[in-house]
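Read the numbers this way: they start at 1 and go in the same order the structure lists the ligands and their atoms.
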Amino acid sequence: MAARVSRTTSLRAPRACDPTIDRADGRLVAMTTFERNLDNLARVALHVGVNLQHDGRLLLMGPIEASALMHRIVAGAYDLGARSVHVQYVDSRMGLIRAQRARPETLAEGPQAYADMIHTMAARGDAYLRIDGDDPDLMSAADPERVATMVRATREVMRPVSDLVQRSFLPWTIVPYAVPAWARKVFPDLPEEEALSRLWDAIFAATRADRDDPVAAWDEHVQQLGTAATRLTEGAFEELHLRGPGTDLRLGLSVGHVWECGGRASGSNGVRSVHNVPTEEVFTAPHARRVHGTVRATKPLSYQGQLIDDFSLTFEDGAVVDFTAERGERVLQGLLDTDDGARRLGEVALVPHSSPISQSGLLFYNTLFDENAASHIALGRAYETTIARGIDRPLEELQSDGFNQSLTHVDFMIGSAELDVDGVRADGSTVPVMRGGEWAT
Ligand code: ZN
Ligand code: ZN
């Protein structure tokens with residue numbers, strides 16, 4: 001359902017150091033640090049995240065609680081000369097209500113009309129900006145199997161959209177927003193207001209929205225990530241060998257695999273967009289049929305509002321053949337049963353343990369943050385941009401080269417200060433890539 005923003009005229013997009021803001025009544029009032037940082041976050045979302053161009057179209061999606069940020073983004077988009085902005089408010093509680101109350105035989109029906117509308121916008125290359133902020137435990141009150149049925153049905157109807165997104169056909173990004181239930185989960189011992197304020201501090205630091213010139217800071221950061229990705233691509237390893245507590249995993253890599261970082265892939269018009277804000281990772285695709293060994297997660301996984309914790313997976317010939325989970329075993333089972341590709345890997349990402357998000361010492365129960373605090377792997381679909389000429393070649397050809405296809409893509413964390421990674425060359429020689437969770441060189 002589309003919602004229109006009603007107050008776009010009362011906000012203009014201030015510059016980073018602008019000490020004042022115009023209100024609808026024309027008075028000038030001092031901006032608080034919070035307001036300045038929120039303005040900066042909107043700038044980062046538009047200028048770095050989707051890199052919105054003059055005359056571009058924007059699809060903006062976010063939780064109803066995030067309207068303060070979304071108003072700023074809409075104002076900034078029109079100031080940049082946007083042709084149109086479509087705002088889609090999301091109330092994830094509606095999903096919980098459906099999971100608890102709808103007749104069981106109706107849960108397998110995905111939101112086709114909604115998917116068609118989003119696909120129309122994605123297929124013409126509209127920039128897609130999603131605001132992410134939710135209660136990590138929202139769906140825990142519902143039956144995991146009913147939730148899994150709904151999630152699968154939604155993924156099925158959204159597949160044409162996710163195909164375009166995974167191929168980077170359009171500029172897209174995900175940007176965080178602190179909501180009280182999320183803050184309470186991250187800071188369970190603090191009063192709600194303080195928890196929310198602490199979560200915002202962490203968000204502003206990780207997204208560089210607390211800098212005087214956040215866009216310049218991002219340019220520098222993206223360049224550094226690009227250098228690390230290029231070095232790994234040039235390494236042209238045949239496999240990676242990962243070792244850590246509970247982990248001994250060999251990940252085959254396809255011939256011609258490409259290491260990417262969030263700031264490299266381009267949209268249909270060739271414009272750089274940074275797909276996750278924050279981002280600290282460089283990543284590529286493991287070979288779907290050449291993964292062997294066991295891997296232990298180092299952080300809990302919040303999957304569709306349900307927690308999976310203390311879990312490990314064993315792979316043979318690329319597929320999960322065994323798994324254990326102290327918590328959320330049924331949820332993990334549901335994830336693995338999504339389809340054949342959900343039992344195989346579509347991403348391996350390396351993040352130094354010294355990354356700023358990791359150093360915050362916080363567990364965010366949110367993939368956007370936790371995946372940037374630690375090296376991780378993802379069950380499910382790979383990104384075409386991580387395989388040579390992946391965007392131009394037919395899917396069957398990519399699959400025979402080891403590209404994983406699935407309805408899902410779920411990252412989980414395997415990095416720690418004890419993770420060692422070796423690159424293995426075709427002749428069997430090894431090169432240290434990470435030692436003790438840090439780049440070896
Ligand atoms: Zn990742
Ligand atoms: Zn991922």
Side-chain angles (χ1 to χ4, degrees), residues 49 128 130 132 151 155 158 161-168 172-176 206-207 221-222 224-226 228-229 232-233 240 242 249 251 253 257-265 273-288 291 295 297-304 308 313 320 332 335-336 338 341-353 355-358 364-387 390 403-416 419 421 433-434 437 439:
Y128 174 33
R130 188 159 71 77
D132 183 43
V151 169
R155 288 193 185 279
M158 290 296 281
V161 176
S162 55
D163 280 347
L164 294 171
V165 167
Q166 300 274 128
R167 283 172 46 211
S168 291
W172 62 275
T173 195
I174 309 175
V175 173
T207 59
H221 177 55
V222 169
Q224 284 169 358
L225 290 175
L232 283 165
T233 301
L240 294 181
L242 286 68
L249 189 69
L251 286 168
L253 300 174
H257 68 276
V258 176
W259 286 84
E260 280 283 330
C261 68
R264 270 191 168 181
S273 69
V274 174
H275 296 164
N276 289 183
V277 172
T279 184
E280 302 286 340
E281 61 175 335
V282 293
F283 60 96
T284 191
H287 193 292
V291 179
V295 65
T298 51
K299 288 173 188 280
L301 167 63
S302 172
Y303 173 68
Q304 303 292 341
I308 307 169
L313 303 167
V320 174
L332 180 55
L335 162 58
L336 293 168
T338 307
R343 293 186 159 260
R344 299 174 187 273
L345 296 180
E347 178 186 342
V348 53
L350 300 179
V351 180
H353 188 64
S355 96
I357 299 170
S358 171
F364 288 91
Y365 300 95
N366 176 293
T367 300
L368 190 54
F369 278 81
D370 292 327
E371 80 160 334
N372 284 301
S375 294
H376 54 271
I377 52 182
L379 291 165
R381 198 185 202 289
Y383 289 88
E384 274 93 338
T385 50
T386 55
I387 193 159
F403 180 88
N404 193 30
Q405 172 69 312
S406 170
L407 285 173
T408 198
H409 176 103
V410 180
D411 301 275
F412 63 96
M413 280 28 91
I414 59 166
S416 70
L419 180 70
V421 180
V433 173
M434 282 189 142
W439 295 122

Peer 1: When you check the gap from the basic side-chain N to the acidic O, do Asp163 and Arg381 get nearer than 4.0 Å?
Peer 2: yes
Peer 1: Checking only N/O/S atoms, does Glu281 have one that is under 2.8 Å from the Zn ion (ligand 1)?
Peer 2: yes
Peer 1: From the N, O or S atoms in Glu371, identify the one nearest to the Zn ion (ligand 1).
Peer 2: OE1
Peer 1: Within 2.8 Å of the Zn ion (ligand 2), is there any N, O or S atom belonging to His409?
Peer 2: yes
Peer 1: Evaluate the side-chain proximity of Trp172 to Arg130: yes if any heavy-atom separation is below 4.5 Å, no if none is.
Peer 2: no
Peer 1: Taking the side chain as C-beta and beyond, is there a heavy-atom pair between Leu379 and Val320 under 4.5 Å?
Peer 2: yes
Peer 1: Answer yes or no: is there a side-chain heavy-atom contact under 4.5 Å between Leu368 and Pro278?
Peer 2: yes
Peer 1: Taking the Zn ion (ligand 2) as the reference point, name the nearest N/O/S atom of Asp411.
Peer 2: OD1
Peer 1: Just give me the atom name: the N, O or S atom of Glu347 closest to the Zn ion (ligand 2).
Peer 2: OE1
Peer 1: If we only count heavy atoms from C-beta on, is the His275 to Ser168 side-chain gap below 4.5 Å?
Peer 2: yes
